[in-house]
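Below, each value reflects all heavy atoms present in this structure, side chains not excepted, and no hydrogens, waters or symmetry copies. Worth saying up front: this structure is predicted, and the values here are computed from it rather than measured.
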Amino acid sequence: FSRHHRRIRRKKFKEGVAISDYSALTKGDYVVHTEYGIARYLGLQTLQVDKRNRDCLLLQYAGTDKLYVPIEEFNRVSKYSGKDSAPQLTALGGPGWEKLKAKTKKAIADMAADLIRLYASRKTRTGHGFGEDSVWLKQLEASFPYDETPDQQKAIDDVKRDMSIENPMDRLVCGDVGYGKTEVAIRAAFKAMDGGKQVALLVPTTILAQQHYNTFVERLRDYPFRIELLSRFRSRAEQLETVKKVAHGTVDLVIGTHRLLSKDVQFAKLGLLVIDEEHRFGVKHKEKLRELAATVDTLAMTATPIPRTLQMSLMGARDMSLINTSPKDRLPIITEIAEFDPAVISTSILRELERGGQVFFVHNRVQTIEAMHEYLKKLLPNTEIAVAHGQMHERTLEGIMLAFLAKRFDVLLCTSIIESGLDIPNANTIILNRADRFGLAQLYQLRGRVGRSARRAYAYLLTPPMRMLNRDAIKRLRALEAHSDLGAGFALAMRDLEIRGAGTILGPKQSGFIEEVGYDLYNRLLEEAVAELKGEEIQRLPETKLEIDIETYLADDYINDRQQKVDVYRRLADARNLDEVERIRDEVTDRFGRMPQSATNLIEATAVKIAASLLEIEKVKVKGGRVNLFFGEQRRLTRPEVEALRQGTDQPMEFSLLGHPRIDIDLSRLSEGDRLPHLRGVLGKVG
């Protein structure tokens, strides 16, 4: 299979898993409590209740109102993301918050109905179902010179499964720059061409089109498929010849820019449309694509942080695959903000050249790019510098890019034309002049042009003196500097959302509600509304209340960092099954050592709460060795459940099964540390 190296047994590796905890709380953050509204987080407080220590979140509401949220209710509190200016704090006790939630739910229901109509119409259309993987496709997969990451393999499997059914595929593959989305597209295209259909690959820039063309030709050189390029890198005569061949069906795969959307481009048997960097196409282009792809399988790819395309995918109107795992040996990019300084520029460029690498210097103004070229030539007289920008003649631009790829130049002085998907592994330093003028997603994309190999990469964000920058620009730069971890896209996107406000994502009609209730709660309400309209059953287990007279907290001498304590509390409050609780127990023990009794009690209390909620118990009260289990009025205990509870313990137990069912268990004979584990065992026997 023309293998490049010996395939090693796949190991699970953790480096570069995407940051999911964008919601980590720091003192002073704005938060949303689902029942009480928007507040300011004032930190973790340890209170004494009945001579027992308890940790609570302290929330400041309007005026002097304060609320202490006990640790078991942390899952009702989420970080507020909606607008960058301070939101209005809710007044405790008033009807305002409930009214606002009801109003938001109604607006969401209308939006959800539109999404569902779109979803339903998509499901009723008939497309083409491709058959089983052929021997050729298996050979192509075996010739891939790297190990697929787990997420990449899942995305490939998702796409192939979608293509095998008759409903048209509409899948979005979301993953950080350099995480292997192109290989997903190659295999999807191969499957379509192997099934006798044509494939169109639409990209936003001519340079990216050329790069994809080179990649596809290289990967598919052993197979009899005809691949053509349709962009301004081709002469008018060549373009017309390609259009003719596409219409006759003699071209299997055509890669192109917006030229593909021209009226004269007609396909004989289009089976798959692949859209790279989907967020770069405007509304008109997307309308045109909808006409083109009404019954055709569509695969969209984006490296831009998730919330831009989150809505449709979260709601099920589109399918979504996330590639969160970085390729093996990939290192985070070291990002520095610096004032424009010739010493910084020359040092960073010479350091890269000394290790045999190349440099991108981004200067995003065509009018002054030649002046910058002269400046760099004087600063670094022995360095080969090429200039590239979108207003150059196609052939000249193509020649410069190919020469840079062939390492004939050391530095590429260019505009943001390199932003989309360009892959030059030897270039591992990027300098962004006037970085304050770029948006956060654009900065993130540009930084992703380096660090695409196992070498350490560097990004320098050059700005005027900080005092001259506006507040938003500083926040964008600081966010990029702080999130240099692999797969930091989601955390950055949430920061972008806060800086710019949510209106740019969902349009003005919905942005007001996001600003009023916060992004997390808005999405939760929207998910529920969509599930209801789809007829899916929403399982709402009662939120079991715990009243326990046993110390359940993480002592300062066990975990002394309050931020880490809040993180553990939040994860325990979010846990939905007993396996998750045990995983957290193992991790905490591994990180901080053997648990003191109060921490063990906390883990056991969480397990009791989960086991009780599965049995629809509304409240568990543990006081003085006696346990009271309170059920809702509608809950009727069956005979097998009563028998299981009775047989689950050798301790005295009383049943009251009229009205609100209630069970009392006397655990006073057990030591304080044994009561919660015993109760957990009793509840676990039922069901």
Side-chain angles (χ1 to χ4, degrees), residues 10-15 17-24 55 70-78 149-151 153-154 157 321-322 324-325 487 490 520 524 527 531 536-546 548 550 552-554 558-559 564-620 622 627 629 640-641 644-645 647-649 673-687:
R10 181 179 291 118
K11 300 187 186 81
K12 286 191 177 179
F13 54 92
K14 291 184 178 177
E15 55 263 53
V17 173
I19 298 168
S20 56
D21 194 14
Y22 66 89
S23 56
D55 277 340
I71 48 176
E72 62 270 14
E73 293 181 13
F74 275 22
N75 58 331
R76 297 183 187 182
V77 178
S78 58
T149 64
D151 291 346
Q153 187 59 57
K154 186 178 181 305
D157 294 341
S321 295
L322 291 180
N324 278 337
T325 325
F490 192 76
D520 273 9
R524 205 180 308 166
E527 273 188 82
E536 293 172 4
E537 191 179 332
I538 302 172
Q539 192 180 18
R540 287 197 182 93
L541 294 172
E543 189 69 48
T544 304
K545 289 197 179 303
L546 286 183
I548 299 178
I550 300 170
T552 54
Y553 88 117
L554 300 169
Y558 182 55
I559 302 179
Q564 290 179 335
K565 278 169 77 166
V566 171
D567 181 48
V568 174
Y569 283 140
R570 171 182 282 284
R571 287 174 59 202
L572 283 169
D574 285 340
R576 286 288 165 264
N577 58 60
L578 298 176
D579 287 342
E580 263 182 82
V581 176
E582 289 309 315
R583 277 198 297 274
I584 295 168
R585 186 206 297 266
D586 292 343
E587 185 189 318
V588 171
T589 306
D590 184 49
R591 285 173 66 189
F592 303 105
R594 189 179 170 190
M595 287 187 179
Q597 190 58 50
S598 62
T600 302
N601 291 343
L602 173 67
I603 297 287
E604 292 299 337
T606 307
V608 164
K609 183 180 177 185
I610 290 170
S613 71
L614 293 171
L615 295 177
E616 297 175 52
I617 296 171
E618 289 188 344
K619 187 165 94 172
V620 176
V622 181
V627 176
L629 306 176
E641 284 175 331
L645 283 166
Q647 290 171 8
T649 180
D674 289 335
R675 288 169 190 167
L676 289 176
H678 185 83
L679 178 58
R680 172 190 180 174
V682 172
L683 297 174
K685 288 272 170 45
V686 185

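In summary, of the residues considered (Val622, Val682, Leu683, Leu615), a side-chain contact (heavy atoms from CB on, under 4.5 Å) with Leu629 occurs for Leu683 alone.
Across every non-hydrogen atom of Ile610 and Ala575, the tightest pair is CD1-O, 3.7 Å. Closest of all the heavy-atom pairs between Leu602 and Tyr569 is CD2-CE2, 3.5 Å. When every heavy atom of Ser598 is checked against every heavy atom of Tyr553, the shortest pair comes out as OG-O, 3.0 Å. Ala605 and Thr552 get closest at one heavy-atom pair: CB-CG2, 4.1 Å. Annotation for Phe592 and Tyr558: closest pair O-CE1, 3.3 Å, computed over non-hydrogen atoms.
Atom CZ of Arg594 is surrounded by 12 or fewer heavy atoms from other residues, nucleotides or ligands within 6.0 Å.
In this structure, CG in Leu572 is found 9.5 Å from CG in Asp567, a value given to the nearest 0.5 Å. Expressed to the nearest 0.5 Å, how far CG of Asn601 lies from CD1 of Ile550 amounts to 5.5 Å. Taken from CD1 in Ile548 to CG in Leu679, the straight-line distance is 8.5 Å, to the nearest 0.5 Å. One distance of note links CZ of Arg591 with OG1 of Thr589; it measures 11.5 Å at 0.5 Å rounding. Rounded to the nearest 0.5 angstrom, Leu554 CG and Asp55 CG are separated by 7.0 Å. For the atom pair CZ (Arg571) and CD (Glu580), the distance works out to 9.0 Å, reported to the nearest 0.5 Å.
Side-chain atoms of Thr544 come within 3.5 Å of backbone N or O of Ile617 as a donor-acceptor pair.
You'll find the side chain of Arg680 stays beyond 4.5 Å of the side chain of Leu676, heavy atoms only. Looking only at side-chain heavy atoms (C-beta outward), Lys609 and Val620 stay at 4.5 Å or farther from each other. Side-chain contact check for Arg585 versus Thr600: some heavy-atom pair is nearer than 4.5 Å.
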